[in-house]
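A, B, ... follow the sequence lines: proteins, then strands. Residue 1 opens every chain.
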Amino acid sequence: MTQAFNMADLSTAAPEVILSLVAMLILMLDFIAPRGKRDWLGYLSILGVLLTLIVLIRRWGAPQSAFSGQYLSDPFALFFKIVFLISAALILLMSIGYLKEEGVDKGEFYGLILFATLGMMLMASAVDLLILYIGLETMSISIYVLAGFLKRERRSNEAALKYLLMGGFSSAIILYGIVMLYGLTGATGLKEIASGLTRGGGQLSNPALILAMVMLAAGFGFKIAAVPFHMYIPDVYEGAPTPVTALLAAASEIAGLAILLRVFLVAIPGLQDRWVLLFYVLSLLTMTVGNVVAIAQSNIKRMLAYSSIAHIGYLLIGLVAGRPLGISATLLYTLAYALMTLGAFAMVILLCVGEVKGERIDDFTGLAQRSPMAAAAMLIFLLSLAGVPPTAGFVGKLYLFGAAIERGYVWLAVIAVVNSTISLFYYMKVVMAMYMRDLPPTGLALSSSRPLRVALFVAAAGTLVIGVYPGPFLDLARASVAGLW
Amino acid sequence: MKLVVLVPLLPLLGVLINGLFGSKIRGRAHLIAVSASGLSCLVAFLVFVRAVGGEGLDWDLYSWLEVGDFQAPIGLLVDPLSAVMMLVVTFVGFLIHVYSIGYMHDDRGYARFFTYLNLFMFSMLVLVLANNYLLMFLGWEGVGLCSYLLIGFWYEKQSAADAGKKAFVVNRIGDAGFLLGLFLIWSTFGSLKYADVFKAVDPALGTGIYTAITLLLFVGAMGKSAQLPLYVWLPDAMEGPTPVSALIHAATMVTAGVYMVARSHPLYNLAPFSLDLVAWVGALTAVFSATIALVQNDIKRVVAYSTISQLGYMFLGAGAGAYASAIFHLGTHAFFKALLFLGAGSVIHSLHGEQDIRRMGGLWKAMPITAWTFLLASLANAGIFPLAGFWSKDEILFNAFERGLTVPWLLGLVGAFLTAFYMFRLFFQVFTGPFRGDAHVGHHLHESPPNMAYPLVVLGLFSVIAGLAFGFPPDQGLYHRFVAPVFETAHETAIEMAHATISSQVGMAALSLAIALLGIGLAYQFYIRRPELPSALAERMKGVYLLLLNKYWVDELYQAIFVDFGKNVCRFLWGVDSRVVDGAVNGSSWLTVRLSLLSAWNDLKIVDGLVNAVADVIQGGSLRLRRLQTGIVQNYILAMALGILGMVVIYLFIFP
Amino acid sequence: MVPLSHYLILSAALFAIGMFGALTRRNAIGILMALELMFNAVNLDFVAFSRYLPQTMLQGQIFAIFVITVAAAEAAVGLAIILGLYRNFKTVNVDEINLMKW
Amino acid sequence: MTVTQAVFYILAAFTLGAAFLVVLATNIVHSAIALVFTFFGVAALYILLDAEFLAAVQVLLYVGGITILLLFAIMLTSRISARGVKILNEQAGISALVVFAIFALMAYANLRGIVPAGSPPPASYATASLGRLLLTTYVLPFEAVSILLLAAMVGAIILARRDREKD
Amino acid sequence: MNVLQFPILSLIAYLPVLGVVLIFLIPKESRGAIRWTALAFSLASFVASLWLPAHFDAATADMQFVEQFSWIPSLGVTYHFGLDGISIWLVMLTTFLSVIGVICSWESITERLKEYFAFLLVLETGMLGVFFALDFFLFYIFWEVMLVPMYFLIGVWGSDRRLYSAIKFFLYTLFGSVIMLLGILAIYFHHGSQTGAYTFDLLRLMTVSYPSTPLFTLLGVPFSFQDLVWLSFFLSFAIKVPLFPFHTWLPDAHTDAPTAGSVILAGVLLKMGSYGFIRFNLPMFPEATRHFVPMIVVLSIISIIYGAMVCMVQPDMKRLIAYSSVSHMGFVMLGMFALNMQGVQGSIIQMVNHGLSTGALFLIVGLIYDRRHTRLISELGGLSKQMPVYATLFAIIMLSSMGLPGLNGFIGEFLILVGAFRVNYVWAAFAVTGIVLGAAYMLWLYQRTMFGALENPKNAALKDLSPREMSTLVPIIVMCFWIGLYPSPFLSRMEASVKNILTRVNKVHTAEVDPSGSGLEAPALSSVEGCAEPCRSGPPQMHPLAALPSLEPR
């Protein structure tokens, strides 16, 4: 009988611990914070996130497991956690100005964002289905609340409800998958499951196992918004407060991807030849549907929603191509994807002033004249999303397609490539609005929030840096997948 | 000897000066131009003298184009042939420059005119002096360009602009053939330098290749020298100022084809079929255009058609292997035909632009010099002893006969008769009888100013003596002995032929002379003694008359032919091509336009259409798929459930 | 002794019923109940497995406990959301709540 | 057939029936009540599976907590027993098909896939060890879930509370 | 072998970007400063580029002025710049035309000056990068970077349907290039698996030979790995060139682009395609190249004639010239795939020529557009009365693009035709038709705009060219004459590199490619210089007519 808390475990899980402490601190300080002056809570939470990030990075190294082998802090987890924390920091930067603009004066917003991040970090580190499930739910529940945070906004309520119902359904599905695995192997640890299955011998064609696999694929597919489990995405993206949308797009989907990778690669690698086919199809569907439907959108948040669906499609290519190249490609692309998507949403917030919500593509009309810098930043994000060099998006795509080609999935690559051409079409609609139409006489108001500008700058710089000098990031991604199996 | 490089360079200098500062020095442009051509004429003469002294030159200035095993230098060749040509060109050119001073003096494009004229001199001299086919081609295209510019000199006149373009494009067709000929020469002999090519010539290659080469070259010649069927542009070319017609379309450029054939004689000698073809085309052209000339009423057009027919004689000669005679005729013809044009020009000048001979007449008194010189020229052209034309034409006919080309020879005789007739029809119409133009013009009739008159006189002189001086006795005159080394093969045959049948030669000469006189007599009968006859005759033989008047409806014929070919797909491109000729001419060629419209449409609809179709499909799909997004959460859940169901089914039952 | 399979079938049925409810109830709260049914089904499986599998460390039951807790939390948040929504929409029928579509 | 089996079948029937009622009852309040019965049935089955502690948790949390919440929510939202409104949406038919198919597949998979591993080990009164496990091996989920509950609580308060700022 | 100590190529390539930075510092109002900065930097990079031909070693086929630094070691990507006889003239052309482009936008661009010149300069950097890059990754980056500013130049400063044209241009080219990306990856991994060294370095990728054994047969045509990769490159380059079925973006882009845009588009961007072919397809995939020669030849002949015929009926000057580019680039392709010295060198020199003369033609149109704000031929006519200088320059440019001997156009077309002829006289015969058509439509255009009476009163008051405007055209014309009369400096510098490429292409059984002689570049390369007196390629009885059948398009 080990004792409840031993310092070793705690120090291994230090980042999570710190983050949760910060979150609770925020919640408490919220009570004493004078009304109308709650920005500093935001800055404080950013500090907390950065602190966590530093601690995290200093933990880099050999995998350490803790809490009787349910929690593992290996490079794979660390990589994703870095992505989450960076996203969280950027999102917090965005939200400070946004909340002012929306007249929301609540410190809980920051707290909940931190809780969601915490959940994601748990997911990334989980090597036991139980932790995984709880992390998932922590993230989801926080985001349910965040999505409904603008209580006066009917669309916000609707988004929250839809997300909640679908989320509940999907977690039930995931649970059923988990229970099947448990029933087959009597274990909930991923490694144990794998060994249990191999011990079981000829179980690979076992219908219960197949059922479990499908259920898990469906449940995770919901979290990462893969077609056909993607349908809530546009509505929720549109309805939720923009920073929350960013959180969904840049963090929660990636977290889903993290557990997807971990479970399928560690727990049921034996079924690889089965689920490769599955994700091949899913990836095709996802990127095609995403890109095609995005063309018809006039609301930029919906458009970005579909574009994020499409990007999930690209990300799945990596999973199909498999270890090690494909997986590391996926990791690299998550980083790029997070940065550029966050940037795009930050732009939406930048334009969200007064009545103009910056959500219609027309709201971008003439931005280039109003503020060349902002337009340039948006241009960078869009080009990166479209995969035009020299941007992060290009490097990521190159790496992904490369992995696919190397494994001989030429057709997948070709279709992906065609898709990225299609995607250019709707991204350029925004560019046209920004550059090629004249500023409306009414002018164009921009949010004055400084932290938001910082976020924009960071995102743009990151996108460019990865695009121009991707070497270190590639190595990072490669190192991260090394210890995965 | 290397002075020869100055011969083309001087006119080029003139071009540069006039071209750059023409706008400044307007009225004094002629100083530069005339002095340039004059000097180059002088230099040419010096070089010629040296050449007569037996010197030759084959000088590569620098390597122009050198790629892999292909090289073509910029190089000059001076041998008797090119020397003669050079002299003729510079001399006639110079005279015409002088003449133009007066003729063009009050034109607003004065400087421009002389620039073009010098440019032409330059190109023509390059053509003549080149020591390889590629450089010759440069000159070849250059003169084409100049004729384009000069024909279209009065570009405000639509007809002029059209004529210019017609000339250029028709020439281009010929040039295409020429070009292919060059490629074939090069890929056969591995060089384009005359020296190398002719050295490499050996019958072992079989006549096929030679025939191919020579025919391709001849296509070029037909275009340039306005032979059937590519002669259509020359009559229209009369839209240009008269000195231009004299210089380019009588004396020099149009004879380039002949020169080229003569230059390539080693190839032609090995291609009997081509030779016969050349001869036949020449003979036919001679008669064909002569007949048209019978009824034309535009003074310049008559001369133009006569030019075509004289060119026909030259080709007949070349075809008969009598290259020397061909070139000889080229020279003499240059003199008297230039003279005719200049004469015509001075007539038009004094009639303030009137060109219709039915509105002339009785100009003898008014402008004696013009009249006299014109008479001489006509006699020469008609081939009357002992004028220049007689000797050269007689030689050609004789050689043709000796060569056994009986039919072409007969055609030649017919041509001679017709020539004599239409020349004197023209002469009588213009200079004798009463003046038929409107009165106020009639009062201002005047002889042309001296700077126009002198060239006439000089040319007249040469038209008289050239033959006797250089061409007597036939085939062994100064000229022949001079050029002999160039054509030795063909020449020797001619020599011993001459020795063999000196008597028959005299007889032949007498015959052609008689025919010519007959023609003159008939003309006299028609236009002096009984002026009512021609119209009566025209009435009687209306069909023939119209046929000739409308130039055999050749243009219309082309239309028809090309339309039919155009229908035929395998002739498709050729059809387009030819249509473009006339199409470009009269601004609208329905076949090309139709085809082009078709392709343009195709471009818009099919090729582009496909792409747009794809785009539309995507757009449409986008709208459809979008509709699935009903906004009702349970539909989404259902979709999810269906997805699960599908996957399970697939895995459990489809791929177990 | 009841064979394991019976429990499995039972929970499967319960799960299915829940799923049907989630797919068809118009009332949002009804859907929440249906979801609870599904969670119960899963729990039943967990417990059954942890009883029937040899050499188990009660992971099944532990898991079930957590599932119950999470379900409770989710229900609480869900009801809060529904209440807030009701304030604005004056209805809780999900098929009338589709401002955002296409 | 032994007593336990008999009990099992009765309970199963009871639970399923209640569940059906939950889904199909025309009055949302009725389905809430039915839900309570379902929970009880499941709890009873837990006892049948020697998981008394879990049964207790089930009753306390679900019956005591969630159902009450649900009933409150129902009271607050739906006008009392709205008559005549249809309770199922128009995709009920196809949903029934799909759900049945899925059920069939699940049953098939369970029967074919899960091999009953011999006879179960003798029942052990595990409550004590459960408690210990929760605070030792499973301390991390335990802590994590507490944070989850905190988040949920905060969120629920924020969403449910009427902001004073405006109304 | 970088004769200079400092990285001259990078200097040339990045000077414009430096200019962009400065331009951004200049306030929007001081338009003059912006213009002059742009001019200064484009000029600077042109002057710097003059260094290249001066210090270029014509004797070797190796890359010169090479710069290579490790960049992304984990992917085997290096920053690798170099120059050889093929790229050098295109580089010169680029820097040259960029200067012209800046000058010709001097007054015609009025709004959003800063961005305009910024994009123009970025574009220049992109183009230079494409020509310098010897690393596929680098190449691809520049290749795409180039698109963006062009897209903006068309879309922002273009005319009527600019949005449509811009997006069309972008989508077409991007589609092509992403397909090429797959091809690049394919050879990258193949080379990696062969040698164990994963690299994007062009020169090293060229060292291995890619399998040419058929993988599958489609419609009776066998396809090998090489063929597929070749096709993926082909698609990208053919769209850029543009070759017949892929050309429809060109007229729109040209018509709606601003003058400088059209000039650079026609002058340089189109060359990217042909450059790609000669730099990648020919040397890397010789078997595939030979396999596809008939297809390319047919397509290019179609382009030649088809383009020319479409020109005939264009009412819009710019559109007409755009289609004429299709025709001219057809010549380029034809020459290149004759796969012999004359053809390839001809096509390279023709790229330069087309850049000069078509660029100049677009300037001509731009000049008249600035004055009259129309491009419709029917609106013009009789201009030469009003603007003689303009008419003269126009005439010279027209002649050069018609291929009149003594001007640059002729050199290129002649060499191309020689090259084509020695392989198959039928090709040459068809291509020659293109020349005649070319004369027809060009003269017709000239006549309709310059000649005839000056009816349209709007044209009555047109001013003739200003010195600035002349300064854009005159340099081009000078170049035209230079290349036309003394091309040796240009040809000699590219000879070695071309030989090298041809050796690679024809290395196996050249007989199949060209019995009549181009084959001799391959094995007997050295012997070419050897024979002083005109080299007969093979014994007399092997003249092309005899050798044809084996060459008829399969």
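Proximity to chain E is absent for every atom of B/L149, based on heavy atoms less than 4.5 angstrom apart. Residue E/M494 does not touch chain B at all, counting heavy-atom pairs closer than 4.5 Å. For E/I435, the parts sitting under 4.5 Å from any heavy atom of chain B are the backbone and the side chain alike. Both the backbone and the side chain of B/L180 come within contact range of chain E, each with at least one heavy atom under 4.5 Å from a heavy atom of that chain. In this structure, no portion of B/L61 lies under 4.5 Å from any heavy atom of chain E.
Among B/I74, B/L179, B/L138, the residue with the largest count of heavy-atom pairs under 4.5 Å with chain E is B/L138. For chain B, the option among E/V432, E/L171, E/V418, E/L399 with the highest count of heavy-atom pairs below 4.5 Å is E/V418. Ranking B/Y155, B/Y148, B/F168 against chain E, the residue ahead of the rest is B/Y155, based on heavy-atom pairs under 4.5 Å.
At least one donor-acceptor pair under 3.5 Å links the side chain of B/W64 to the backbone N or O of E/G484. The backbone N or O of E/S488 sits nowhere less than 3.5 Å from a side-chain atom of B/S63 that would complete a donor-acceptor pair.
Taking OG1 of E/T433 as the reference point, atom CD1 of B/I173 lies at 10.5 Å (rounded to 0.5 Å).
Within the 4.5 Å cutoff, the side chain of E/L491 has no heavy atoms near those of the B/E66 side chain. Residues E/R422 and B/D69 are in side-chain contact: their nearest non-hydrogen atoms beyond the backbone lie under 4.5 Å apart.
For E/G403 against B/R172, the heavy-atom pair with the smallest separation is O-NH2, 3.4 Å.
A tilted orientation is assigned to the rings of B/F183 and E/F414, their planes being inclined by 30° to 60°.
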| task | Report the C-alpha distance between B/W186 and E/Q342 in whole Å, list the side-chain angles of each, state the deciding distance to 0.1 Å, and finish with yes or no for side chain to side chain contact (heavy atoms under 4.5 Å, CB included). | result | CA-CA 12 Å; B/W186 176 72; E/Q342 291 77 19; 3.9 Å; yes
